[in-house]
Amino acid sequence: MFYIRPMTQDLFTVDAEGARAPEQNSRLAPAYMQGLNPPQREAVETLEGPVLVLAGAGTGKTRALTTRIAHLLMTGTAHPQEVLAVTFTNKAAGEMRERVEALIGQPTTGWWLGTFHSLAARILRIHASALGADSFNQNFTILDDDDQLRLLKTLLIDNNLDPKAHSPRAVSNAISRWKDRGWVPEKVPLDDIPSGLCDGQLGRIYDAYQSRLLELNACDFGDLLLHNLTIFRINSAILETYQHRFRFILVDEYQDTNVAQYLWLRLLAAKYQNIACVGDDDQSIYGWRGAEVGNILRFETDYESAKTIRLEQNYRSTGNILAAASALIANNSERLGKTLFTDDAPGSTLHVRGLPDGNEEARFITDEVESLHRQGRNYRDFAILVRSSSMMRAIEERMIDVGLPYKVFGGPRFYERKEIRDAIAYLRLIRQPDDDLAFERIINVPKRGIGQTTVAKVLGFARMSRISAMRAIDVMIDTDELPAAARKKLVAFQQMIGQWRELMNTMPHTELAAQVLEDSGYRDMWRNEKTPDARGRLENLDELVGSMGNFENLAGFLEHISLVLDTNAASGGDELSLMTLHAAKGMEFPVVFLPGWEDGAFPNMRAMTESGDKGLEEERRLAYVGITRARQELYILYVGSRFLHGQWNYSRPSRFVEELPEDLLDIDDISGASMFAGSLSAEGRSGGLGSLYGVGASGARDIGALPPLEWADKRQFRGQDSPGMNRLKTNLDTVKRGNPPIIDGTFDPVGFASRDASHGFVSGQRVFHRKFGYGIISAVEGEKLVIGFDAAGEKRVIASFVVDAAEAS
DNA sequence: AGCCTTTCCCTTTTT
DNA sequence: GGGAAAGGCT
């Protein structure tokens, strides 16, 4: 039996006097329940059955959820290992963990409490082999964005498609979107074919990508959930195990679940239906990631005995802030509608400031922070929330200048630095030699004389024979396909990795990492580099090795970096927070700055051109999220001109500013934007979109002259359909017939490429080889052939490099 | 092969 | 502005 129910959790047995019975714990209930209002209490105390908590911003929904977990445990209704608590982001998961620990006074290590992706990865690690793919096993690598793009690019080239004409990025987006929708493309699918690829081509790329991932023992983010679904569907025993195990399921931010996540939850909750979801349709900001607000609406039909509880009393923000947020969101047409109220005083007005440019905006923020800090605020009381991370730089630079302590969430990340990624690639390859993306990254870094040509040959052969590069080397070093010098170097590389691989089992992982970086010459490479940032890179490597100490083993560390791309989450110093609006979901701060409220930037022009009114409404919800993060003071900022992408752009205030009730605001506009707005009214405004790109300083671009959308021109092709595309269409039909997007038997599990190695060559056959010319096969050893060539003499070559002499032109 | 310079392209949000 | 790729030079 693969699953042994761990009974090591000591929640009920920590008492010094011996085992503490659940009944005794229940007497503690009043303490942690104190201060809850009646609906919150109801949400906590409805221990069994499906519960949907529709809760507005700042109504204490996460508190209700965590208290519910505590209550489940304290009343003895649930054992810790029977609880599955799911959040969207790592930060939310960490926060939930903290709160639960505070409530029950116990560590929650090992509990099933985390993000969708981390929990799905955990299950997939246990059951990877149940997927049925030859090479896919528990050591699988989780690919990130960059790996995915590089892989797609090579696959495009293999399929004779030009990566310039058919951007790997667009293909990647399309694939991710399908996956987010659980392969049930309700809205986008057939129109969502990027840049002139006909659907047959895209389907082929998709299939090639998917089977390549399995050959490399790798999966992408979307696969984590999808493979779970596949396993659950083809192996009901596994599904039942988990249905039985997770008797209590809790979900935060339910409005942001996509179809794949929805299906995953539904399958798991099917048996006991003890599922409690908390969400707010007004805070749905992940539509672009496939989030379905409809999942909230569907809850009551999915679970017949569902109980819906509304939390409408806001405990977070002042009256003015709440009123402004409510007025803004009232402009959205698609909403369930909630009326939030607060008993708090109105508080300050909202501070709206128009400033000349981005530097002045940054200066205003730091000045204001310092002045409030002098009045007794801590730095950690402040948050600066931006629409896009590119807006962070100016603010960051300013804060460095004046020496304010700050922390960036979701900006350029530690793990995305080149040296860190290289170091991790070494470790990935040592742990999982089939990881070609890691291989490609470090095969010649530092330089070891294995050039582009050699690497291209190895990788090309690997893809052709549907094996990984390291395995391809095994084959190729026995043959004459590569020059002797190259073979020698490849062998040396392989042996180097092999030695470390052996050390992996005996040596602590931090020591191994240090040794790998030293022995590989990677550290020396940076030591010898004279650029100013080389020293910093070496320090980063030290930091990486140091941070590995926080993990039990190499596997745990690698899992962490692929799922939790956030190093400084745990620093609790007195620092102000700088992050995107998306990253701020679920958080609150006494003082919030919202810079960059300019039309075109926010609401973001792309969001609107791509998704029209729906896009605008999502942007408005984002604004709503931003405003409702603030407890006491709120600053909304816009500038008259901003330096973006190497060019000055003139702008006018966001339409969202106009949607705020004027009597709640104190406005001070020195942006000069109104002047431009006036001059723009003829052309810019009539365009209906913002003027962010309207008039460049150099008179560069005009709204009407924007480049045509790349996504136009989609379906004039009728290429032959691939299995992947057929699958899509089948599912599309299912949905069109009015069926809910459920997994059913009609929908195939991931398709696998069969590994048919038989080539059909026989001894005595006359063949042609591109490099060695014509010859006669003297022996066949699996896929290797020994051939006596007319000109080159006897050589060992690989069957796939050879064609029958008659077929050679 | 390797190194330096130029050119081109992108540029929302994230697990 | 910034990164990747292509081109050009040693």
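FYI, side chains are in, hydrogens and waters are out, and symmetry mates aren't considered; it's all heavy atoms of this structure. Chain letters run A, B, ... following the sequence lines, proteins first, then strands; residues in each count from 1. Being a predicted model, the structure only gives us computed values, none of them experimental.
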Residue met sooner reading DNA chain B from 5', once R387(A) and S118(A) are mapped to nucleotides: R387(A)
N-O pairing of E360(A) and R363(A) below 4.0 Å: yes
Can you give me the N/O atom pairs linking the protein to nucleotides 3-8 of chain B at distances under 3.5 Å, or say none if there are none?
none

Set of residues satisfying salt bridge (Lys or Arg N to Asp or Glu O under 4.0 Å) with respect to R421(A), sequence neighbours excluded: D144(A), D146(A), D147(A)
Heavy atoms from C-beta onward define the side chain here; which of dG1(C), dT15(B), dT12(B) lies closest to that of S388(A)? dT12(B)
Considering only dT14(B), dT12(B), dT15(B), which nucleotide approaches the side chain of F221(A) most closely? dT15(B)
Side chain of R289(A) only, heavy atoms from C-beta on: which candidate in dT15(B), dT11(B), dT13(B) is closest? dT15(B)
Looking at H582(A) versus F88(A), is the centre-to-centre ring distance below 6.0 Å? no
Under the side chain to side chain contact (heavy atoms under 4.5 Å, CB included) test, which residues partner M399(A), sequence neighbours left out? T366(A), I384(A), I395(A), L404(A), Y406(A), L576(A), L578(A)
I'd like to know if K585(A) pairs up with D256(A) as an ion pair, taking the criterion as any Lys NZ or Arg NE/NH1/NH2 lying under 4.0 Å from an Asp or Glu carboxylate oxygen. yes
Here DNA chain B, pairs taken as Watson-Crick or G-U under 3.5 Å and shown with ( ), [ ] when crossing and | when to another strand, reads ||||||||||.....
Using salt bridge (Lys or Arg N to Asp or Glu O under 4.0 Å), reason through E559(A) and R122(A) one step at a time and then give a plain yes or no. CA-CA 9 Å; E559(A) 185 89 351; R122(A) 208 166 143 187; over 6 Å; no
Aromatic contact between Y262(A) and W264(A), with the criterion being ring centroids under 6.0 Å apart: yes or no? no
Residues which pass salt bridge (Lys or Arg N to Asp or Glu O under 4.0 Å) with R335(A), listed by chain and number, not counting sequence neighbours: D282(A)
Pair F140(A) and H227(A), ring centroids less than 6.0 Å apart: no
Protein-nucleotides 5-7 of chain C N/O pairs under 3.5 Å:
from	atom 1	to	atom 2	distance (Å)
dA5(C)	OP1	K153(A)	NZ	2.9

